[in-house]
A.B. asks: 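Take this structure, written in structure tokens, and hold onto it; I'll ask about it next.
Keep in mind the model is a prediction, meaning the values are calculated, not measured. Side-chain atoms are counted along with the backbone in the values below, which use heavy atoms only and exclude waters and symmetry mates.
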Amino acid sequence: MPTVPSTDELARDLQRVIQERSHQFIFVDDGGAGHHDMGEDVLVQDHVTYTAIILKSQDVPLLNSAHEQWIELAKTDAPMVRELHGTEIINPKKDTPWFRVDMSRRAKMLVIAAKSMLSCISRVLHGHIGKAQYDFLVSPNNPAICKLPAHVQKSLQTHKGGLEHVFHVALGRQVKATGVPTVIVQDEDQYRECLKHQYAADIPIWQGGIVYQPSYAWPGIQAADLFSMALCRLFRIKFKNRTLQPLSPLDLACEEICHLLEGKLFDVLSDP
């Protein structure tokens, strides 16, 4: 188990690897589509998702710059905005920066953000599953699961924990296949451990695990959140199309963002 670095040490080390261009970066965020009565063919209930973006070290400052430019543009409509938060733009609550901004304008700003940052991103990884689907897949394998290490069994107890574990294993395989040393940075919102998952020694993950950081400090995490939110929205769009309901400007924006991902999107649960 590597020693957990202090916040200052972590900041210095992350800045160093960006400057040295010796690593690639993977930014991860989770999301969900909530509880919707849309039918199993459209949306699995209690749906959760993980999305990650992969960048070369030299592209991290470019993405940060694109984010900064977007923030300055967004302040024209929402002067108090400080970060790119997809859910807040989609469904702004009272006293938040986007609350009084017209839906069409919010939709336009989502697409502008996606276009400006996607050019810096090498690949987008995505995985999603619902509770009913997860239970159906896991239940027949309980005897085998009982033989796994305790920390893996704990992760597999819930469908969110199970998806997170599978998603992290997929990230590890991606890194191992490329052989490129990698920093994985994930939103710390729901975590208190700096290093939650350990990888095998032959997988070149920086510090041996995942670095948990606040999303407001990392535009890469915010970008992962944006694409995760847009991909989740596809379920609602599919339901509306099936029931002949009109699509809102936000639906159309998310649909356009998903089209922008073509060629860069990798589904970790269905692709080999």
A.B. asks: More than 12 heavy atoms of other residues, nucleotides or ligands under 6.0 Å from NZ of K75: is that the case?
C.D. replies: yes
A.B. asks: Answer yes when D251 and K240 have at least one side-chain N-carboxylate O distance shorter than 4.0 Å, and no when they do not.
C.D. replies: yes
A.B. asks: Strictly distance-based, threshold 3.5 Å: is any side-chain N or O of Q222 a donor or acceptor partner for the main-chain N or O of S215?
C.D. replies: yes
A.B. asks: To the nearest 0.5 Å, tell me how far R233 CZ sits from L110 CG.
C.D. replies: 9.5 Å
A.B. asks: Applying salt bridge (Lys or Arg N to Asp or Glu O under 4.0 Å), run through E256 and K115 and close with a yes or a no.
C.D. replies: CA-CA 10 Å; E256 182 176 352; K115 286 182 176 178; 3.5 Å; yes
A.B. asks: Is K160 salt-bridged to D30, going by a charged N under 4.0 Å from an acidic O?
C.D. replies: yes
A.B. asks: So if you build clusters from Ile, Leu, Val, Met, Phe, Trp, Tyr with side-chain heavy-atom gaps below 4.5 Å, do L62 and W218 land together?
C.D. replies: no
A.B. asks: Keeping R106 on the side-chain end and V101 on the backbone end, is there a donor-acceptor pair under 3.5 Å?
C.D. replies: yes
A.B. asks: Determine whether H168 and Q186 make a side-chain contact, defined as any pair of heavy atoms from C-beta on separated by less than 4.5 Å.
C.D. replies: yes
A.B. asks: How long is the straight-line distance from NE2 of H159 back to CG of L163, given to the nearest 0.5 Å?
C.D. replies: 8.0 Å
A.B. asks: Between Q24 and T178, does a side-chain contact (heavy atoms from CB on, under 4.5 Å) hold up when you go through it step by step?
C.D. replies: CA-CA 10 Å; Q24 68 180 359; T178 62; 3.9 Å; yes
A.B. asks: Using a cut-off of 6.0 Å, state whether more than 12 heavy atoms not belonging to K264 lie near its atom NZ.
C.D. replies: yes
A.B. asks: Can you check whether S248 reaches M103 side chain to side chain, under 4.5 Å on heavy atoms?
C.D. replies: yes
A.B. asks: Any side-chain heavy atom of Q153 within less than 4.5 Å of one from I145?
C.D. replies: yes
A.B. asks: Less than 4.5 Å apart, any side-chain heavy atom of L261 and any of F227?
C.D. replies: yes
A.B. asks: State, with a plain yes or no, whether a side-chain heavy atom of M80 is found less than 4.5 Å away from one of R82.
C.D. replies: yes
A.B. asks: So, for P97 and A78, which heavy atoms are closest and what is the spacing to 0.1 Å?
C.D. replies: O-CB, 3.3 Å
A.B. asks: Return the minimal non-hydrogen interatomic distance between F167 and G127, and the atom names on each side.
C.D. replies: CE1-N, 3.8 Å
A.B. asks: Kindly indicate whether the side chain of M117, heavy atoms from C-beta on, has any atom under 4.5 Å from the side chain of H67.
C.D. replies: yes
A.B. asks: Hey, can you tell me if F25 and F27 have their rings parallel, tilted or perpendicular (30° and 60° cut-offs)?
C.D. replies: parallel
A.B. asks: Taking N241 for its side chain and K238 for its backbone only, find out whether a donor-acceptor pair lies under 3.5 Å.
C.D. replies: no
A.B. asks: Give the minimum heavy-atom separation between C258 and A230, together with the two atoms involved.
C.D. replies: SG-O, 3.5 Å
A.B. asks: Ignoring hydrogens, what is the shortest heavy-atom contact between I53 and A223? Give both atom names and the distance.
C.D. replies: CD1-CB, 3.7 Å
A.B. asks: Is the backbone of P61 close enough, under 3.5 Å, to the side chain of S65 for a donor and an acceptor to pair up by distance?
C.D. replies: no
A.B. asks: In Å and rounded to the nearest 0.5 Å, what is the CG to CD1 distance from L226 to I89?
C.D. replies: 7.5 Å
A.B. asks: Run through V81, T76, L84, L73 and flag the one making a side-chain contact (heavy atoms from CB on, under 4.5 Å) with M109.
C.D. replies: L73
A.B. asks: Mind running side-chain contact (heavy atoms from CB on, under 4.5 Å) on I90 and C254 for me, showing each step along the way?
C.D. replies: CA-CA 10 Å; I90 288 282; C254 291; 4.1 Å; yes
A.B. asks: Within the side chain of S116, is there an N or O that forms a donor-acceptor pair under 3.5 Å with the backbone of A114?
C.D. replies: no
A.B. asks: Rounded to the nearest 0.5 Å, how far apart are CZ of R100 and NZ of K94?
C.D. replies: 7.5 Å
A.B. asks: If you define the side chain from C-beta out and look only at heavy atoms, does anything of L171 sit under 4.5 Å from V28?
C.D. replies: yes
A.B. asks: Of the non-hydrogen atoms in M229 and T87, which two are nearest, and what is the gap between them?
C.D. replies: CG-N, 4.4 Å
A.B. asks: Nearest heavy-atom pair of W98 and E88: which atoms, and what distance?
C.D. replies: CD1-OE2, 3.8 Å
A.B. asks: Supply the atom-to-atom distance I257 CD1 to L234 CG, rounded to the nearest 0.5 angstrom.
C.D. replies: 10.0 Å
A.B. asks: Is the closest side-chain heavy-atom distance between W70 and I112 below 4.5 Å?
C.D. replies: yes
A.B. asks: Kindly compute the distance separating CG (L252) from CG (L247), expressed to the nearest 0.5 Å.
C.D. replies: 5.0 Å
A.B. asks: Pairing donors with acceptors under 3.5 angstrom, does anything connect the side chains of E262 and H259?
C.D. replies: yes
A.B. asks: Can a side-chain donor-acceptor contact be found between H126 and T51 if the only test is distance below 3.5 angstrom?
C.D. replies: yes
A.B. asks: Has the side chain of T49 got a donor or acceptor atom that lies under 3.5 Å from a matching backbone atom of S228?
C.D. replies: no
A.B. asks: Within the side chain of Y134, is there an N or O that forms a donor-acceptor pair under 3.5 Å with the backbone of L156?
C.D. replies: yes
A.B. asks: CZ of F136: more than 12 outside heavy atoms within 6.0 angstrom?
C.D. replies: no
